[in-house]
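This one's a predicted model, so the numbers in the text were calculated from it and none came from an experiment. Starting from 1, each residue takes its place in the sequence as its number.
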Amino acid sequence: MTVQLNHTIVQATDKKVSAEFLAGLLGLEVQPQFGPFLPVVVGNDVTLDFADAGDRSITPQHYAFLVSEDEFDAIFGRIQEAGLTYWADPYRHRPGEINHNDGGRGVYWADPDDHALEIITRPYGSGS
């Protein structure tokens with residue numbers, strides 16, 4: 001068997017708010033609670049398990065999602081409809097832009113706990 005990422009824990013101030021935020025933008029569903037976790041499953045069966053951080057501080061992480069061109073259009077439309085600030089770069093120097101790295105499209109935005117979320121239509125390094 002090849003090594004595959006199965007799940008990761010996403011620390012949140014409010015796991016329900018954060019899980020619904022991500023699932024809503026990506027067009028996914030929040031799954032039933034499993035133990036202390038609120039899971040969101042993406043297309044390659046990787047689960048993001050949202051957990052309340054409680055009194056622990058949250059260190060912002062980065063989560064990138066490879067999507068089709070049609071999915072990009074739908075997700076980007078929901079980002080704009082929600083009035084979210086977005087950037088073409090992870091350092092937030094190019095607000096209100098998308099990038100065209102590797103011949104595709106990409107955009108970054110922040111979740112309620114400032115985790116950096118990203119959608120891309122081409123894997124990095126795949127351009128000619």
Side-chain angles (χ1 to χ4, degrees):
M1 179 165 107
T2 60
V3 176
Q4 298 178 1
L5 180 63
N6 177 264
H7 69 276
T8 190
I9 297 172
V10 181
Q11 296 293 322
T13 303
D14 182 324
K15 67 184 175 191
K16 185 175 188 307
V17 167
S18 292
E20 289 176 352
F21 176 84
L22 179 68
L25 288 173
L26 295 184
L28 303 172
E29 293 184 17
V30 176
Q31 300 300 307
Q33 186 160 326
F34 179 75
F37 305 113
L38 211 53
V40 175
V41 181
V42 296
N44 57 344
D45 292 327
V46 172
T47 303
L48 292 112
D49 289 324
F50 286 83
D52 288 327
D55 59 0
R56 296 180 307 264
S57 63
I58 296 172
T59 301
Q61 302 295 316
H62 174 240
Y63 301 96
F65 304 94
L66 181 62
V67 300
S68 71
E69 291 289 341
D70 288 342
E71 289 167 326
F72 185 95
D73 290 338
I75 296 165
F76 187 59
R78 289 190 284 268
I79 290 168
Q80 291 179 304
E81 188 175 298
L84 299 173
T85 301
Y86 58 89
W87 301 268
D89 67 303
Y91 304 106
R92 302 178 182 182
H93 293 179
R94 295 173 51 200
E97 297 179 38
I98 63 172
N99 68 56
H100 296 280
N101 299 339
D102 293 297
R105 294 184 292 166
V107 70
Y108 298 79
W109 73 99
D111 88 341
D113 290 301
D114 209 34
H115 292 299
L117 305 175
E118 175 186 14
I119 52 172
I120 54 175
T121 59
R122 297 279 306 265
Y124 286 120
S126 66
S128 52

S.K.: Does the pair Arg92/Asp114 count as a salt bridge with the N-to-O cut at 4.0 Å?
M.R.: yes

S.K.: Hey, any chance Ile120 and Phe76 share a hydrophobic cluster, counting ILVMFWY side chains that come within less than 4.5 Å of each other, even indirectly?
M.R.: no

S.K.: According to a hydrophobic-cluster definition based on side-chain heavy atoms being under 4.5 Å apart (Ile, Leu, Val, Met, Phe, Trp, Tyr only), do Val67 and Val40 belong together?
M.R.: yes

S.K.: Working to the nearest 0.5 angstrom, can you tell me the gap between Glu118 CD and Leu66 CG?
M.R.: 10.0 Å

S.K.: What's the spacing between Gln11 CD and Asp113 CG if we round to 0.5 Å?
M.R.: 9.5 Å

S.K.: Which residue in the set Asp111, Leu48, Val10, Val17 passes side chain to side chain contact (heavy atoms under 4.5 Å, CB included) when paired with Leu22?
M.R.: Leu48

S.K.: Quick check: is Leu28 connected to Val107 through a chain of hydrophobic side chains (ILVMFWY, heavy atoms under 4.5 Å apart)?
M.R.: yes

S.K.: State the NE2-CG distance between His62 and Leu117, to the nearest 0.5 angstrom.
M.R.: 8.0 Å

S.K.: Would a single hydrophobic cluster contain both Tyr63 and Trp109, if residues Ile, Leu, Val, Met, Phe, Trp and Tyr are joined by side-chain heavy-atom contacts under 4.5 Å?
M.R.: yes

S.K.: Which heavy-atom pair separates Phe21 from Pro112 by the least distance, and what is that distance?
M.R.: CD2-CD, 3.6 Å

S.K.: Ignoring hydrogens, what is the shortest heavy-atom contact between Gln33 and Lys15? Give both atom names and the distance.
M.R.: NE2-NZ, 3.3 Å

S.K.: For a quick test of reading the model, state the closest non-hydrogen atom pair linking Ile58 to Ala12 and the distance between them.
M.R.: CD1-C, 3.4 Å

S.K.: To the nearest 0.5 Å, how far apart are CG in Asp70 and CD1 in Ile75?
M.R.: 11.0 Å

S.K.: Tell me if a side-chain donor or acceptor on Asp49 pairs with a main-chain N or O of Ile9 at a distance below 3.5 Å.
M.R.: no

S.K.: Nearest 0.5 Å, please: how far is NE2 in His7 from CZ in Phe34?
M.R.: 9.0 Å

S.K.: Nearest 0.5 Å, what's the OH-CG distance between Tyr124 and Asn101?
M.R.: 5.0 Å

S.K.: Is a side-chain N or O of Glu69 found less than 3.5 angstrom from the main chain of Glu71, in a donor-acceptor match?
M.R.: no

S.K.: Are any side-chain N or O atoms of Arg105 and backbone N or O atoms of Thr121, one a donor and one an acceptor, separated by less than 3.5 Å?
M.R.: no

S.K.: Between Val30 and Ala23, what is the shortest heavy-atom contact and its length?
M.R.: CG2-CB, 3.8 Å

S.K.: How would you list, by chain and number, every residue that makes a side chain to side chain contact (heavy atoms under 4.5 Å, CB included) with His93, sequence neighbours excluded?
M.R.: Asp89, Tyr91

S.K.: State, yes or no, whether a side-chain contact exists between Ile98 and Phe72 at a heavy-atom distance under 4.5 Å.
M.R.: yes

S.K.: Identify the two heavy atoms, one from Asp102 and one from Pro123, that lie closest to each other, and give their separation to 0.1 Å.
M.R.: OD2-O, 3.6 Å

S.K.: Side-chain heavy atoms nearer than 4.5 Å, only ILVMFWY residues, links allowed to pass through others: does that put Val42 and Leu25 together?
M.R.: yes

S.K.: Would you say CD of Glu97 has more than 12 non-hydrogen atoms from neighbouring residues, nucleotides or ligands within 6.0 angstrom?
M.R.: yes

S.K.: Which atoms form the tightest heavy-atom contact between Leu38 and Ala19, and what is the distance?
M.R.: CD2-CB, 4.1 Å

S.K.: Is a side-chain N or O of Asp14 found less than 3.5 angstrom from the main chain of Lys16, in a donor-acceptor match?
M.R.: yes

